[in-house]
Amino acid sequence: MTALLSNLNPEQLEAVTWPHQSALILAGAGSGKTRVLTTRIAYLLQSGHAQPHNILAVTFTNKAAREMVARISALLPVNVRGMWIGTFHGLCHRMLRAHYQDAGLPQAFQILDMADQLAVIKRLLKARQLDDKALPPKQLQWFINHAKEEGLRASQMPADDSFNQLLAECYLAYETICIREGTVDFAELLLRCYELLSRNEILRDHYRNRFQHILVDEFQDTNRLQYKWIKLLAGIDAQQPAAVFAVGDDDQSIYAFRGAYVGNMRALERDFNIAKIIRLEQNYRSQGNILDAANALIANNKGRLGKNLWTAAGQGEPVRVYAAITDMDEAGFIVDEVKALHAEGIALSEIALLYRSNAQSRVLEHSLFNAAISYRVYGGMRFFDRQEVKHALAYLRLMILPDDDHALLRIINFPPRGIGTRTLEKLQDQAKMLDTSLWQTALKTHEKSQSTKGIAGFVNLIQTLQQQCEGQPLPEIIRRVADHSGLIAHYQNKQTESERIENLKELVNAATSFVHEAEDDSLTAFLAHASLEGGEHQADNQQDAVQLMTVHAAKGLEFHTVFISGLEEGLFPHDNSRNEPNGLEEERRLMYVAMTRAQQRLYLSYAESRMLHGQVRMNVPSRFVDEVPEKLLKNLRITHFSGRSYGQYAAEIGYKADTYTDQRRKTTTPTISKLAAKNLGEQGLDIGQQVSHAKFGVGTVINCEGNGSDMRVQVKFNQVGTKWLALAYAKLTPL
DNA sequence: GGCCTCCGTTTTTTT
DNA sequence: AACGGAGGCC
């Protein structure tokens with residue numbers, strides 16, 4: 001026991017040994033959050049306060065869940081299997097499988113991922129003859145998911161105007177489809193589980209009795225339904241409620257855009273009568289200057305629970321800032337620094353290049369590639385999202401749940417077997433008339449036919465596959481399906497598709513390792529695994545490489561050196577965040593997360609001009625750079641120019657932004673430097689200059705076009721956004 | 001059925 | 001710039 005608790009600081013120790021009561025742990029970045037969580041579990045077990053089966057621990061990602069299991073196992077020899085440790089979705093799924101009948105689901109119910117869900121929605125909208133303008137599929141998807149996250153069913157949706165009525169009707173139609181097909185989307189896993197527990201007293205009491213300790217990781221990222229689920233399971237109104245041990249950091253809440261509700265932290269405090277929040281403020285990751293910078297930045301946010309990170313390590317190096325001329329120049333600078341760091345002995349994998357949006361990675365990749373520095377980009381297409389893999393999975397799903405129209409439609413004519421749009425329409429019409437699934441309809445109308453063509457051929461194929469795979473081991477089932485479905489042959493006929501065949505083989509490999517690792521190695525379990533664990537492609541290249549990722553993807557990670565690039569107004573903070581309530585504060589938290597990833601060295605950079613969406617844009621440095629106290633910064637521009645003038649350096653890096661061509665309109669417009677020098681100069685203006693406008697207030701000139709009386713300038717106003725103004729009319733006063 | 005062209009979009013993302 | 005979707009054409 002003493003070994004377990006040694007080396008904890010006083011706050012960590014208080015959290016770990018907290019009595020059998022609910023607790024809220026405010027755990028700053030790098031404060032040993034995971035350590036506290038896992039040591040708490042080990043402490044409960046070792047001290048005899050709890051048995052493994054009394055413990056439920058919930059995370060957001062499978063990776064976090066796996067890490068938790070691994071670290072507990074390392075702390076003490078315990079049967080981890082007795083504990084329920086997993087993601088919200090994974091745990092809800094587990095309950096629904098165990099009680100599928102009580103939950104009103106077929107035994108072989110299947111999980112729809114976001115793409116599957118969108119496809120179902122598109123099909124639904126098409127059937128109702130609603131085009132994109134009447135109701136965009138994405139919007140309906142968002143509406144349905146948000147409704148579910150609020151715990152609302154279609155029948156509870158307001159229909160106060162015609163559009164809301166339309167939304168409610170479509171939601172209802174969607175629910176009907178899912179029920180008939182036996183499919184469940186991500187939000188449904190949670191809502192269904194919540195409803196199951198709230199309606200079924202026996203089950204509820206069973207689980208309440210069992211889970212006396214509920215531990216929640218990244219609590220700030222919970223949505224309202226997840227919180228209600230925790231509350232229900234903990235049974236705050238019960239005689240002996242479970243102890244909820246919630247660990248989170250309101251300053252690192254960066255998922256409001258997908259429904260996370262930070263207010264849950266306050267709600268927990270209130271609902272669970274938490275008298276004292278435990279704050280973990282000692283940071284074991286970053287050096288002083290980096291923390292001071294991050295603290296100063298986040299202090300600009302309002303309504304925080306309040307927390308100030310400190311470190312026992314020294315101040316370390318200053319935060320380095322580079323003002324680039326172009327995005328290419330910015331990338332070039334970063335690559336130069338990476339080279340220098342690597343030469344000093346820093347491993348490439350200890351260097352992270354962070355950016356706000358994925359599109360920004362390209363310039364960086366380009367420069368790294370040319371410099372022959374190995375790098376790895378995170379994000380992008382995941383294994384189980386690939387079309388060939390999804391096709392194969394659709395065959396498998398249809399075999400065990402033939403009423404899944406979504407799966408059927410995906411493959412009824414893939415590979416092509418002569419079932420065209422008209423045949424399909426006929427089948428769908430018949431199904432509607434018979435009020436049954438497409439599969440049942442196909443059976444009824446083509447059962448007698450022995451034909452190997454068309455729908456009858458498809459029915460025969462699926463039935464044959466069902467028979468052939470009966471009782472076979474999982475990898476063998478997948479091998480047969482990939483082969484007999486004609487998928488392999490189809491891709492073999494195309495020269496460019498050889499990678500897809502490799503992926504189908506990889507799917508067999510995935511099944512092989514799944515059989516070795518999973519407790520339940522059924523096909524149903526494998527399909528659930530494919531949906532829920534979407535395939536973090538972990539195993540690949542161990543080689544030393546620079547890490548490229550969005551700031552979101554970097555959450556929870558740490559690196560010796562971190563570069564945050566593209567720190568420009570409009571990019572970071574992103575323009576779109578302005579339309580969202582508290583959008584700027586979320587952007588700032590994002591910046592806070594990015595900065596606190598760095599251990600020893602932090603670089604901030606921005607570019608004056610950047611190619612975005614095929615157009616050169618002039619940008620103003622991000623306010624986030626200004627929010628870092630000057631005394632913590634070190635400006636590298638002068639050093640990097642090494643004595644040259646701006647003009648000399650610009651010429652050297654080939655910066656010729658005299659004109660840019662709008663490909664769409666085939667027009668060439670003179671931009672910045674020349675015009676700025678000539679025409680703008682005549683007006684007493686310049687790019688980058690602060691100006692004042694009677695109505696719009698203060699702003700910065702960021703672009704211009706035309707000349708003479710037609711001349712217009714683009715001004716980024718501090719209050720009202722970016723506007724094009726005709727100089728002949730608008731009265732701009734240089735400041 | 002497959003290929004081509006035009007057009008619109010473009011933040012972040014896990015389950 | 002780049003990608004995806006829709007619609008037209010052979």
OP1 or OP2 of [N] versus the side-chain N and O atoms of [X]: is any pair under 4.0 Å?
| X | N | value |
| --- | --- | --- |
| Asn62(A) | dT15(B) | yes |
| Asn358(A) | dT13(B) | yes |
| Asn576(A) | dT12(B) | no |
| Arg362(A) | dA2(C) | yes |
| Thr87(A) | dT14(B) | no |

In whole angstrom, what separates [X]'s [atom1] from [N]'s [atom2]?
| X | N | atom1 | atom2 | value |
| --- | --- | --- | --- | --- |
| Leu118(A) | dT14(B) | CG | P | 17 Å |
| Glu365(A) | dA1(C) | CD | P | 17 Å |
| His552(A) | dT11(B) | NE2 | C1' | 8 Å |
| Asp217(A) | dT15(B) | CG | C1' | 15 Å |
| Asn579(A) | dT12(B) | CG | P | 16 Å |
| Gln615(A) | dA2(C) | CD | C1' | 15 Å |
| Asp185(A) | dT14(B) | CG | C1' | 14 Å |
| Arg94(A) | dT15(B) | CZ | C1' | 17 Å |

Under 3.5 Å side-chain donor-acceptor pair for [X] and [Y]:
| X | Y | answer |
| --- | --- | --- |
| His93(A) | Arg97(A) | yes |
| Glu330(A) | Ser565(A) | no |
| Gln139(A) | Gln141(A) | no |
| Asn619(A) | Arg610(A) | no |
| Ser357(A) | Gln360(A) | yes |
| Tyr255(A) | Asn223(A) | no |

query = Across the strands shown, which category fits Phe88(A) at heavy-atom distances under 4.0 angstrom: base, sugar-phosphate, nothing?
reply =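 The residue Phe88(A) makes no contact with any strand.
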request  = Classify the nucleic acid contact of Glu580(A) as base, sugar-phosphate or nothing, counting any heavy atom under 4.0 Å across all strands shown.
outcome  =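 Base, at least one base heavy atom under 4.0 Å.
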key: Per His613(A) side chain, nearest of listed nucleotides dT15(B), dT11(B), dT10(B)   =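 The nucleotide sitting nearest to the side chain is dT10(B).
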key: Candidate nucleotides dT14(B), dA1(C), dT11(B), ranked by approach to the side chain of Arg258(A) - the nearest   =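 For Arg258(A), the side-chain atoms sit closest to dT14(B).
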Are there any protein N/O atoms within less than 3.5 Å of an N/O atom in nucleotides 1-5 of chain B, and if so, which ones and at what distance?
residue	atom	partner	partner atom	Å
dG1(B)	OP1	Asn413(A)	OD1	3.4
dG1(B)	OP1	Asn413(A)	ND2	2.4

message = Go nucleotide by nucleotide along DNA chain B from the 5' end; which of Phe257(A) and Ala187(A) gets its closest nucleotide reached first?
response = Phe257(A)
request  = Sequence neighbours left out, what passes salt bridge (charged side-chain N to carboxylate O under 4.0 Å, His left out) with Lys228(A)? Give chain and number order.
outcome  =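 Salt bridge (charged side-chain N to carboxylate O under 4.0 Å, His left out) check on Lys228(A) returns nothing, list empty.
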inquiry  = My understanding is that only residues two or more places apart in sequence, or in another chain, count here; which of them pass salt bridge (charged side-chain N to carboxylate O under 4.0 Å, His left out) with Glu175(A)?
reply    = Arg153(A)
task = Can you check whether any acceptor in the base of dT15(B) is under 3.5 Å from a donor in the side chain of His89(A), or vice versa?
result = yes
